[in-house]
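Presented below is the structure to which this report refers.
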Amino acid sequence: MQFSTFTPTLYFSSLGPSNVTSLPSSLFKPLKLPPFWPWQKKSFNGKWQVKMGPLSVSPMGFGTWAWGNQLLWGYQESMDNELQQIFNLAVENGINLFDTADSYGTGKLNGQSEKLIGKFIRERQVNKQIQGDIVIATKFAAYPWRLTSRQFVNACRASLDRMQIDQIGIGQLHWSTANYAPFQELALWDGLVAMYEKGLVRAVGVSNYGPKQLLKLYDYLKARGVPLCSAQVQFSLLSMGEDQIEIKKICDSLGIHLIAYSPLGLGMLTGKYSASQLPSGPRGLLFRQILPGLEPLLISLREIAQRRHKTIAQVAINWCISKGAVPIPGVKSIEQAKENLGALGWRLSSEEVLQLEYAARESPQRMIQNIFQTKYALYPH
């Protein structure tokens, strides 16, 4: 049975969030979510891990989009010391998956995220077993000048050089060019095959792929003996539309693991912002449009958080984990890192999952989707 694709909203069309947990047993018997998923196991340090292709990763990773991005996240090089502390704290608490990209960083800082991760690994004084357990998932941009598989392989080699490591955990195609440059797509796919065959990456994945292209790529790679390890999409209580549900079903049926980026909706699901308290920069413009329509969802998140003695952000991240995805919330402060870590070690009940999903559907606003996955977009991740 696929626990993670169960969508029981059909059972109640007129019940509000407060009624979900009091459904009569004759009408609905909620699924009991497992304490851990069949593909999870304990690692050498006693932490639960998820089997992702040939890799074992933590049930949650950390996203590093903000590490080098000045425009959207206000990065400054003076933050590097705290980012090192964040990395150390994560590893010490069992987090071994770090997601990055060769395009993360703005202007002269392009690739800064990869450089920082490599630096943090080298500077951290840990034993070889723990250091070898760190899984870096990096994404290679489908830039218009990357027209051949060799150029894509060279991009992989450049990432290895920036991080000063011998092999990347998961090499990911950052987005599909099928919608605007279909001739380029096949070369990028061949590039994934080549970097895998050359041993530059332990596994391959994709990001921002829609259902149809995901199936095409899966078949293409399978014919060449290359397993598709992961699919990274925008997946959260703000992003649970038809495409996300279909992608999750495809992943479950084919053994591809879903990596959920922006599980907090760029911060809208933290409970820290309101129409009168917005973040600065481009995010503030987006929040101004969406936040007023999120009240039903935020109310349910707050109710569960109070009952669980958790924060709203921890509940939102745990929802992703409860759906069988591996969320990669972004972090740029020790406070955020500690809060995110509080999403681990417990599990929402099936009734709470139902309540949140009903509230999400009752909220009139949705997260704007990625430009390379749908036609509506604002922030390519």
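Quantities reported herein were computed from a predicted structural model and do not represent experimental measurements. Both backbone and side-chain heavy atoms feed into the values below; hydrogens, waters and symmetry mates do not.
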Has the side chain of Thr177 got a donor or acceptor atom that lies under 3.5 Å from a matching backbone atom of Ala181? yes
Does any N or O in the side chain of Asn96 come within less than 3.5 Å of the main-chain N or O of Ser56, such that one atom is a donor and the other an acceptor? yes
Kindly determine whether Gln167 and Val201 satisfy side chain to side chain contact (heavy atoms under 4.5 Å, CB included), including the steps that lead there. CA-CA 5 Å; Gln167 191 180 45; Val201 301; 5.6 Å; no
Distance only, no hydrogens: is a donor on one side chain within 3.5 Å (strictly under) of an acceptor on the other, for Asn208 and Tyr261? yes
Do Lys248 and Asp252 sit within salt-bridge range, that is, some charged N less than 4.0 Å from a carboxylate O? yes
What I'd like to find out is whether the side chain of Ile256 reaches to under 4.5 Å of the side chain of Cys229, using heavy atoms alone. no
Do Tyr143 and Leu160 sit in one hydrophobic cluster, given that two such residues count as connected whenever their side-chain heavy atoms are within less than 4.5 Å of each other, even indirectly? no
Quick check on the 6.0 Å ring-centre criterion: do Phe120 and Trp67 meet it? yes
Ion pair present between Glu357 and Lys323, side-chain N to carboxylate O less than 4.0 angstrom? yes
Separation between OG (Ser236) and CG (Leu269), nearest 0.5 Å, reads 5.5 Å
By the definition side-chain hydrogen bond (donor to acceptor under 3.5 Å, both in side chains), identify the one residue from Thr64, Asp102, Thr138 that meets it with Ser113. Thr64
One thing to verify: whether Glu114 and Lys139 come together as a salt bridge, which I'm taking to mean a side-chain N less than 4.0 angstrom from a carboxylate O. no
For the residue pair Glu185 and Gln213, confirm or rule out a side-chain donor-acceptor distance under 3.5 Å. yes
Any Glu339 side-chain heavy atom under 4.5 Å of Gln314 side chain: yes
Determine yes or no for a side-chain-to-main-chain donor-acceptor pair under 3.5 angstrom, with Ser262 supplying the side chain and Leu264 the backbone. no
Charged N to carboxylate O below 4.0 Å: is that the case for Arg307 and Glu352? yes
Go through Ile328 and Met60 one step at a time and tell me if the side chain to side chain contact (heavy atoms under 4.5 Å, CB included) criterion holds. CA-CA 6 Å; Ile328 48 170; Met60 175 182 71; over 6 Å; no
Side chains of Leu173 and Ser207, heavy atoms from C-beta outward: is any pair under 4.5 Å? no
Gap between atom CG of Leu192 and atom CZ of Phe140 - 0.5 Å precision: 8.0 Å
Chi angles and distances behind the side chain to side chain contact (heavy atoms under 4.5 Å, CB included) call for Tyr218, Val206: CA-CA 10 Å; Tyr218 173 85; Val206 291; over 6 Å; no
Interatomic spacing from CD1 in Ile250 to CG in Leu215 - rounded to 0.5 Å: 4.0 Å
Rounded to the nearest 0.5 Å, how far does CG of Leu344 lie from CD1 of Ile317? 8.5 Å
Among the clusters formed by ILVMFWY side chains lying less than 4.5 Å apart, do Ile312 and Ile299 turn up in the same one? no
CG (Asn93) and NZ (Lys338) are apart, to the nearest 0.5 Å, by 10.0 Å
Please find out if less than 6.0 Å separates the ring center of Phe98 from that of Phe87. yes
First locate atom CG of Leu97, then atom CG of Asp133, and finally report the distance between them rounded to the nearest 0.5 Å. 11.0 Å
With heavy-atom distances below 4.5 Å as the criterion, would you say the side chains of His174 and Ser103 are in contact? yes
Report the C-alpha separation of Tyr209 and Asp243 in whole Å, then their side-chain angles, then the decisive distance to 0.1 Å, and conclude whether the side chain to side chain donor-acceptor pair (under 3.5 Å) test is met. CA-CA 10 Å; Tyr209 261 59; Asp243 267 8; over 6 Å; no
Verify whether one side chain among Glu303 and Gln355 offers a donor that lies under 3.5 Å from an acceptor in the other. yes
Determine whether Asp80 and Gln84 satisfy the following criterion, side chain to side chain donor-acceptor pair (under 3.5 Å), listing intermediate values before the conclusion. CA-CA 6 Å; Asp80 288 358; Gln84 171 82 69; over 6 Å; no
Would a hydrophobic clustering, with Ile, Leu, Val, Met, Phe, Trp and Tyr connected at side-chain separations under 4.5 Å, put Leu147 with Trp189? no
